[in-house]
Amino acid sequence: MEPLFQGTLVNANRIIYTPSGFARTNLLHLQETGELEAIKPHTSSRNNLASYLFLLIIRGSGTLTYNGTSYGLKAGDCAFIDCKKAYSHRSSKETWTLKWVHFYGSNMNGIYEKYAQRGGRAVFHPEKPQVFADLLEQLFRIAGSEDYIRDMRICEKLTSLLTLLMAESWHPEDKVRVGAKRQSLLHVKDYLDQNYRERITLDGLAGHFFINKFYLARIFKDQFGLSINNYLSQIRITHAKRLLRFSDMTVEQVGHQCGIDEPAYFARVFKKVEGITPGEFRRMWQAIE
């Protein structure tokens with residue numbers, strides 16, 4: 001294990017951060033951030049931490065072992081891992097310099113799960129590593145400041161970091177290249193955008209485009225990140241919210257305009273997406289116009 005700040009193995013410029021109770025309960029919050037320069041090869045190992053770690057290799061090389069897999073790391077590589085699982089990282093003979101941040105939040109388990117579902121990797125090499133480096137420097141500067149709303153500013157930067165990570169996580173091209181050549185389904189998406197008012201079923205859609213329905217369902221989700229049903233619901237509910245706010249149609253008429261003729265089913269789909277009924281949505285939003 002590396003010493004806290006400086007020693008014979010590493011020099012580390014770090015901030016161990018204690019967020020406010022409000023930040024710990026309500027925000028993405030910082031636990032530790034800094035930059036480490038290895039003087040000699042060394043290994044850091046941890047396990048079962050309520051924390052997520054993002055690190056960026058600035059120079060040199062080394063190895064990360066995470067969840068039973070070893071990854072080579074070189075300058076410009078990033079790692080994003082769940083520290084509840086055992087991990088260790090070791091610098092090579094040429095040693096290395098890295099920047100890191102440990103952080104957490106009540107919603108982080110779900111966010112990391114989504115990252116993994118989208119194809120997010122424990123280790124990746126971004127096209128522009130400097131963007132991540134700049135963000136880590138901003139986090140370090142804010143954490144060391146006397147800004148009285150620094151927990152909010154830290155949350156903002158951590159959200160920006162997660163946004164970058166989500167953008168890096170999406171790898172549909174990896175799946176598309178597996179096996180036989182797979183066609184783009186943009187024309188299917190365009191059809192849904194234009195015909196969501198109609199009754200659309202997977203069988204009907206597959207027949208319309210002469211595509212096997214199981215293939216269609218799988219590849220559509222690979223390419224657009226949502227199942228066909230979820231994508232169709234998203235379009236319909238967005239249109240329904242517009243009509244509920246800016247028209248005098250009844251809830252039943254709105255459902256019909258959005259392609260859902262059964263009022264009870266429309267109310268159920270709307271509540272599943274928005275968390276409230278169509279009538280409640282209308283009362284809430286029309287009251288503030």
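In this chain, residues are counted from 1 in sequence order. These numbers come from the heavy atoms of this one structure, side chains and all, not from hydrogens, waters or symmetry mates.
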Look up atom CZ in Phe124 and atom OH in Tyr71, then write down how far apart they are to the nearest 0.5 Å. 12.5 Å

Taking atom OG of Ser106 and atom CG of Asn26, what is their separation to the nearest 0.5 Å? 7.5 Å

Is there a salt bridge (charged side-chain N to carboxylate O under 4.0 Å, His left out) between Glu137 and Lys99 once you walk through the steps? CA-CA 9 Å; Glu137 289 175 9; Lys99 293 180 181 289; 3.8 Å; yes

Just say parallel, tilted or perpendicular for the rings of Tyr52 and Phe80, cut-offs at 30° and 60°. tilted

Counting C-beta onward and ignoring hydrogens, is there a side-chain heavy-atom pair between Tyr104 and Leu49 closer than 4.5 Å? no

Do Asn13 and Leu36 have side chains that approach each other closer than 4.5 Å (heavy atoms only, starting at C-beta)? no

Rounded to the nearest 0.5 Å, what's the gap from CG on Leu158 to NE2 on His29? Could you check? 9.5 Å

Please check this pair: side chain of Ser44 against backbone of His89, looking for a donor-acceptor N/O pair closer than 3.5 Å. no

Could you tell me whether the side chains of Glu113 and Asn109 share a donor-acceptor contact shorter than 3.5 Å? no

Would you give the length of the straight line joining atom CG of Asp261 to atom CZ of Arg197, rounded to the nearest 0.5 angstrom? 13.0 Å

Of all heavy-atom pairs between Ile16 and Glu32, which one has the smallest distance, and what is that distance? CG1-OE1, 3.7 Å

pair Leu185-Ile211: side-chain heavy atoms closer than 4.5 Å: yes

Got Val269 and Arg236 here, is their nearest side-chain heavy-atom distance under 4.5 Å? no

Check against side-chain contact (heavy atoms from CB on, under 4.5 Å), Arg121 and Ser169: CA-CA 7 Å; Arg121 300 160 180 170; Ser169 75; over 6 Å; no

Should Asp222 and Arg218 count as an ion pair when the cut-off is N to O under 4.0 Å? no

So, the side chain of Asn212 versus the backbone of Tyr215: is there a donor-acceptor pair under 3.5 Å, distance only? yes

Does the Thr95 side chain pair with the main chain of Ser91, one donor and one acceptor, at a distance under 3.5 Å? no

Can you confirm whether Asp193 sits close enough to Ile235 that some side-chain heavy atom of one is under 4.5 Å from a side-chain heavy atom of the other? yes

Could you go through Ile276 and Met284, starting from their C-alpha distance and side-chain angles, then the distance that decides it, and tell me whether this counts as side-chain contact (heavy atoms from CB on, under 4.5 Å)? CA-CA 10 Å; Ile276 55 177; Met284 286 173 59; 3.6 Å; yes

In this structure, OG1 of Thr18 is separated from CD of Gln31 (nearest 0.5 Å) by 10.0 Å

Donor-acceptor under 3.5 Å (Tyr231 side chain, Phe224 main chain): no

Please assess Phe54 against Phe132 for the test ring pair (Phe, Tyr, Trp, His ring centres under 6.0 Å), listing each intermediate value before the final yes or no. CA-CA 10 Å; Phe54 172 79; Phe132 288 91; 5.4 Å; yes

Please check if the side chain of Gln253 supplies one atom and the backbone of Asp248 the other of a donor-acceptor pair under 3.5 Å. no

Least distance between heavy atoms, Lys85 atom then Tyr66 atom: CD-OH, 3.6 Å

If I compare all heavy atoms of Leu162 with all of Met108, which pair ends up nearest, and what's the gap? CD1-SD, 3.8 Å

Could you check if a side-chain atom of His208 sits within less than 4.5 angstrom of a side-chain atom of Tyr191, using non-hydrogen atoms only? yes

What are the two closest heavy atoms between Tyr115 and Leu165, and how far apart are they? CE1-O, 3.4 Å

I need the single residue from Asn67, Val123, Leu53 that forms a side chain to side chain contact (heavy atoms under 4.5 Å, CB included) with Ile81. Which is it? Leu53

Assess the side chains of Glu280 and Thr277: does a donor N or O sit below 3.5 Å from an acceptor N or O? yes

Enumerate donor-acceptor pairs with a distance under 3.5 Å from any side-chain N or O in residues 147-154 to protein atoms, sequence neighbours excluded.
{"residue": "Asp147", "atom": "OD1", "partner": "Ile149", "partner atom": "N", "Å": "2.9"}
{"residue": "Asp147", "atom": "OD2", "partner": "Arg153", "partner atom": "NE", "Å": "2.4"}
{"residue": "Arg150", "atom": "NE", "partner": "Tyr17", "partner atom": "OH", "Å": "3.2"}
{"residue": "Arg150", "atom": "NH1", "partner": "Ala143", "partner atom": "O", "Å": "3.2"}
{"residue": "Arg150", "atom": "NH1", "partner": "Ser145", "partner atom": "O", "Å": "2.8"}
{"residue": "Asp151", "atom": "OD1", "partner": "Tyr17", "partner atom": "OH", "Å": "2.7"}
{"residue": "Asp151", "atom": "OD2", "partner": "Ser20", "partner atom": "N", "Å": "3.2"}
{"residue": "Asp151", "atom": "OD2", "partner": "Ser20", "partner atom": "OG", "Å": "3.0"}

Just by distance, with hydrogens left out, do Trp96 and Glu37 show a side-chain donor and acceptor under 3.5 Å apart? no

List the steps, then state whether side-chain contact (heavy atoms from CB on, under 4.5 Å) holds for Lys189 with Leu192. CA-CA 5 Å; Lys189 178 177 174 293; Leu192 296 175; 5.6 Å; no

List the steps and the verdict of side-chain contact (heavy atoms from CB on, under 4.5 Å) for Leu226 and Lys221. CA-CA 5 Å; Leu226 290 171; Lys221 187 170 184 179; 5.9 Å; no

Using 30° and 60° as the class limits, which term best fits the ring planes of His239 and Tyr196: parallel, tilted or perpendicular? perpendicular

Hey, what do you get for SG (Cys78) to CD (Glu168), rounding to the nearest 0.5 Å? 7.5 Å

Name every donor-acceptor pair, under 3.5 Å, that has one atom in a side chain of residues 58-65 and the other anywhere in the protein, sequence neighbours excluded.
{"residue": "Arg59", "atom": "NH1", "partner": "Thr97", "partner atom": "OG1", "Å": "3.3"}
{"residue": "Ser61", "atom": "OG", "partner": "Ser92", "partner atom": "OG", "Å": "2.9"}
{"residue": "Ser61", "atom": "OG", "partner": "Glu94", "partner atom": "OE2", "Å": "2.7"}
{"residue": "Thr65", "atom": "OG1", "partner": "Ser70", "partner atom": "OG", "Å": "3.1"}

Presence of salt bridge, Asp77 and Lys74, under 4.0 angstrom: yes

Thr201 and Arg199: which non-hydrogen atoms are nearest, and at how many Å? CG2-NH1, 3.6 Å

Do Ile237 and Trp285 sit in the same hydrophobic cluster, where Ile, Leu, Val, Met, Phe, Trp and Tyr count as joined when their side-chain heavy atoms come under 4.5 Å apart? yes

Under a 4.5 Å cut-off applied to non-hydrogen side-chain atoms, are Glu252 and Phe266 in contact? no

Looking at Val254, is its backbone amide N or carbonyl O close enough to the side chain of His256 to form a donor-acceptor pair, meaning the two atoms are under 3.5 Å apart? no

Go through the steps for Gln130 and Asp134 under the test side-chain hydrogen bond (donor to acceptor under 3.5 Å, both in side chains), then give the verdict. CA-CA 6 Å; Gln130 190 59 45; Asp134 292 344; 2.7 Å; yes

Treating Ile, Leu, Val, Met, Phe, Trp and Tyr as nodes and any side-chain heavy-atom pair under 4.5 angstrom as an edge, say whether Leu139 and Val131 lie in one connected cluster. yes

Note: Ile228 and Ala217 closest approach over all heavy atoms is CD1-CA, 4.2 Å

Kindly assign one of parallel, tilted or perpendicular to the pair Phe209 and His187, based on the angle between their ring planes and the thresholds 30° and 60°. perpendicular

Minimum side-chain heavy-atom gap Phe270-Leu244 below 4.5 Å: yes

So for atom NZ, which belongs to Lys114, do other residues, nucleotides or ligands contribute more than 12 heavy atoms lying within a distance under 6.0 Å? no

